[in-house]
Amino acid sequence: MTDVMQIAERTARAVPPVWPLASSVAVNPFLDQAGMTLAETGALLGRVAGAPVTMPREWYAARIVDGRIADEDLLAAGAGDLDAVKAAARQARPLPEALPTVALLAAEASGTDWPGLVAERIGAWAAGWFDEGQALWAAPKGRGAWDSWREGATRDLTPEIAGLRGFARFAVDAHRNPRKAVARAVRTLNLPEEALETYFHQLLLDMGGWSQYARYRLWQAELAGGEDATLTDLLAIRLLWEEALFLQHRGAIDARWAEVRRAHAAPPEPGEAMRTDAVLQEAAERAAQRALAATLAMPAPERPEGRPALQAAFCIDVRSEVFRRALEGVDPGIRTKGFAGFFGLATAHRGFASDVEERRLPVLLNPGLHSAAGGADADDRAARFRARAGRAWERFKLAAVSSFAFVEAMGPVYAGKLLRDALGIGHGNAAPEPMPHLDPVPDPKARVDAAETVLRAMSMTEGFAPLVLIAGHGANVVNNPHASGLHCGACGGYSGEVNARLLAGLLNDPAVREGVAARGIAIPEDTLFLAALHDTTTDAVTLYEGDVPAPSHAGAIRQAEAWLARAGAVARAERALRLPRAADGDDVPARARDWAETRPEWALAGCKAFIAAPRGRTTGRSLEGRAFLHDYEWRRDEGFGVLELIMTAPVVVASWISLQYYGSTVAPGLWGSGDKLLHNVVGGIGVLEGNGGRLRAGLPWQSVHDGTDYVHEPLRLSVCIEAPREAMADVLRRHEGVRALFDNGWLHLFALDDRGRMAWRYAGGLEWTPVAEAVEEPIALSA
């Protein structure tokens with residue numbers, strides 16, 4: 001037999017990671033299924049988790065009836081018999097049913113809720129072992145998960161009280177090496193090699209967010225060139241429970257367990273119903289692509305020639321699309337650009353008076369820079385003391401020991417604050433931290449290299465305005481454990497002002513400007529780069545004017561503030577149309593201050609497209625806050641290095657966001673974190689839905705549903721790039737992981753023509769097919 005642990009370690013990577021609350025980012029829950037189709041993934045997840053991968057049939061039927069899904073969409077998606085597919089859409093399909101675990105079979109035989117008890121006891125131990133400073137009695141650090149759990153299990157009488165005789169002794173007698181414990185359990189359960197992969201997968205998913213957080217630890221270790229055994233230790237723990245329950249209930253469950261083993265040994269194959277669901281999902285996406293194509297085919301508005309009055313670079317985040325459109329509509333002399341919100345500076349940052357490094361970069365990368373806020377001069381000492389005391393105070397409030405002591409001691413002091421919070425008044429943005437600086441400072445050549453790389457990647461090499469804003473984004477909300485998920489995913493779940501301020505400082509450096517000028521990028525002397533932060537909850541924009549005193553630009557900055565304020569009012573009015581209980585734009589800012597508000601904003605709900613093209617292809621057309629917009633001009637991209645960067649980094653990050661929203665909508669029980677009203681923060685890392693059991697990962701239900709209907713339409717992302725097809729195919733040829741996403745339908749790829757129309761569809765296998773009604777060749781390498 002193949003080494004059991006090789007199978008276990010391979011299967012462990014099928015579990016998607018989940019980042020801790022302080023730096024949570026969207027994660028593709030289907031990360032390990034990129035090499036499978038949607039139907040094949042449906043067969044797998046139906047077996048191991050009883051989870052669907054598409055919406056209920058009535059969701060598609062409603063769209064067929066109202067015409068949003070047309071016959072042409074169904075035919076293009078592979079519906080051989082239109083009438084049969086339409087009839088199937090009208091028939092409710094029950095949720096798939098997972099194969100039973102030993103714990104479930106034992107529960108049916110004994111009447112005891114063994115799955116619930118297993119989840120509760122593993123959760124009680126894991127909450128202490130994974131704790132990052134919240135628990136009153138955290139598990140001792142420095143030992144592996146297996147050793148820690150075994151020691152606790154030997155003193156835990158709960159299983160025996162529930163009826164699992166001798167469980168503490170069983171844990172004592174388990175091998176100290178978890179690999180050997182796994183091998184013994186496999187022998188006891190009589191599992192054939194062919195059954196191990198999906199059975200192990202099922203047990204890992206059964207532990208919910210605990211296994212996903214362990215996968216995060218493995219991810220971080222491997223990113224740093226190391227390793228971490230926590231995830232396979234968790235598998236050993238879960239297997240030990242299965243083994244103990246099997247030995248006690250063997251006589252009652254042996255026959256059914258033999259059937260389960262045979263089912264696990266067979267390859268998961270999608271049935272006809274699952275294939276029909278995949279056709280319906282593809283048809284819904286084709287319908288959305290038709291609507292997108294019509295929007296992109298609209299005539300572009302004329303824009304004045306000459307030097308712009310203001311340029312503003314925003315994150316590609318879909319929320320920026322609304323604000324960018326509003327800002328450009330305020331004055332014809334304004335130009336905006338889109339770029340990943342970390343602005344190409346992959347930095348590990350230390351906040352003011354903090355020793356903790358925050359990885360303000362995409363989670364796919366390692367930091368290449370280090371930065372810090374403020375200096376070490378004597379004037380900073382009092383401010384540093386206040387900042388450290390404030391952080392210590394916040395940690396004390398969250399600690400378990402403070403739950404009663406804090407309220408008893410400070411309740412009267414906080415009476416006024418509680419009243420202000422309840423009324424939603426008195427909140428304001430905190431004073432900005434001192435200007436960040438790179439620490440250590442890279443050598444002059446490295447600084448010029450970084451500036452040139454970023455400017456070329458942003459397609460910003462000429463036509464600079466007198467004032468250029470570098471606008472990161474963040475979300476100003478209160479009482480929200482998932483607040484970091486509203487921040488910038490490209491900044492690792494933090495707000496984007498640090499990266500924006502670092503880049504503005506870099507581009508204002510005279511030596512850097514001289515260096516990039518020698519490489520063909522001439523920045524006018526009168527151009528000032530100014531950092532900004534776009535609050536996506538309130539659509540207010542903060543300018544970091546104090547970072548770079550510039551009296552000569554005071555008038556331009558005041559004008560920019562006026563434009564930004566007007567754009568914010570327009571954007572809030574548009575967002576209010578989607579927000580529950582928001583009568584108009586004036587109601588939007590109050591949501592950020594309301595500690596009882598479960599939907600302060602919709603974040604990236606509704607995302608459906610990624611467009612990499614010159615801004616002129618989308619200017620003046622409403623994409624409804626549903627498109628990631630990345631500026632890209634392929635004719636300036638010698639060697640297509642920027643194209644490769646876009647397809648392998650921002651596109652992949654956008655796919656993680658899109659598929660997290662997709663998974664949390666179609667399978668909220670597996671990939672969502674449940675109801676915000678029931679959440680309790682545990683360990684400082686995640687939330688429980690209730691007071692124990694599985695850690696819940698993914699998006700809360702309130703992030704995808706407004707209480708009446710879905711606010712997120714689960715569609716796999718349509719990626720539209722204005723570039724030669726040959727160049728895109730060449731990138732896919734060199735990056736198999738990215739190609740798999742497109743070949744297996746997790747992403748759709750389109751080539752835009754030189755007027756920004758969707759002209760060619762990627763058909764898989766490095767082949768392309770023309771889009772209906774697209775008339776001409778888009779572009780060729782020789783153009």
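For the numbers below, each heavy atom of this structure counts, side chains included, while hydrogens, waters and symmetry mates do not.
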Classify the ring geometry of H482 against H679: parallel below 30°, tilted from 30° to 60°, perpendicular beyond 60°. tilted
Do [Y] and [X] have ring centroids that are under 6.0 Å from one another?
X	Y	result
W210	Y216	no
H264	Y199	yes
W19	Y213	no
H712	H705	no

Are any side-chain N or O atoms of [X] and backbone N or O atoms of [Y], one a donor and one an acceptor, separated by less than 3.5 Å?
X	Y	answer
K676	T598	yes
E242	V102	yes
S495	E497	no

When you compare the side chains of [X] and [Y], does any donor N or O come within less than 3.5 Å of an acceptor on the partner?
X	Y	result
T536	E601	yes
W746	S655	no
T347	S371	yes
N476	R593	no

For a ring-ring contact (aromatic ring centres under 6.0 Å, His included) with W241, tell me which candidate from F246, F167, W125 qualifies. F167
R256/E108 ion pair, N-O < 4.0 Å: yes
Salt bridge or not for E9 and R13, using N-O below 4.0 Å? no
Can you name the residues that form a side-chain hydrogen bond (donor to acceptor under 3.5 Å, both in side chains) with R217, not counting sequence neighbours? none
Would you check, one step at a time, whether the test side chain to side chain donor-acceptor pair (under 3.5 Å) holds for D675 with Q702? CA-CA 7 Å; D675 188 344; Q702 285 86 350; 2.7 Å; yes
Quickly, which of D228, T232, D233 forms a side chain to side chain donor-acceptor pair (under 3.5 Å) with T230? Name it, please. D228
More than 12 heavy atoms of other residues, nucleotides or ligands under 6.0 Å from CG of D173: yes or no? yes
Can a cation-pi geometry be assigned to R184 and F170, taking NZ or CZ under 6.0 Å from the six-membered ring centre and within 45° of the ring axis? yes
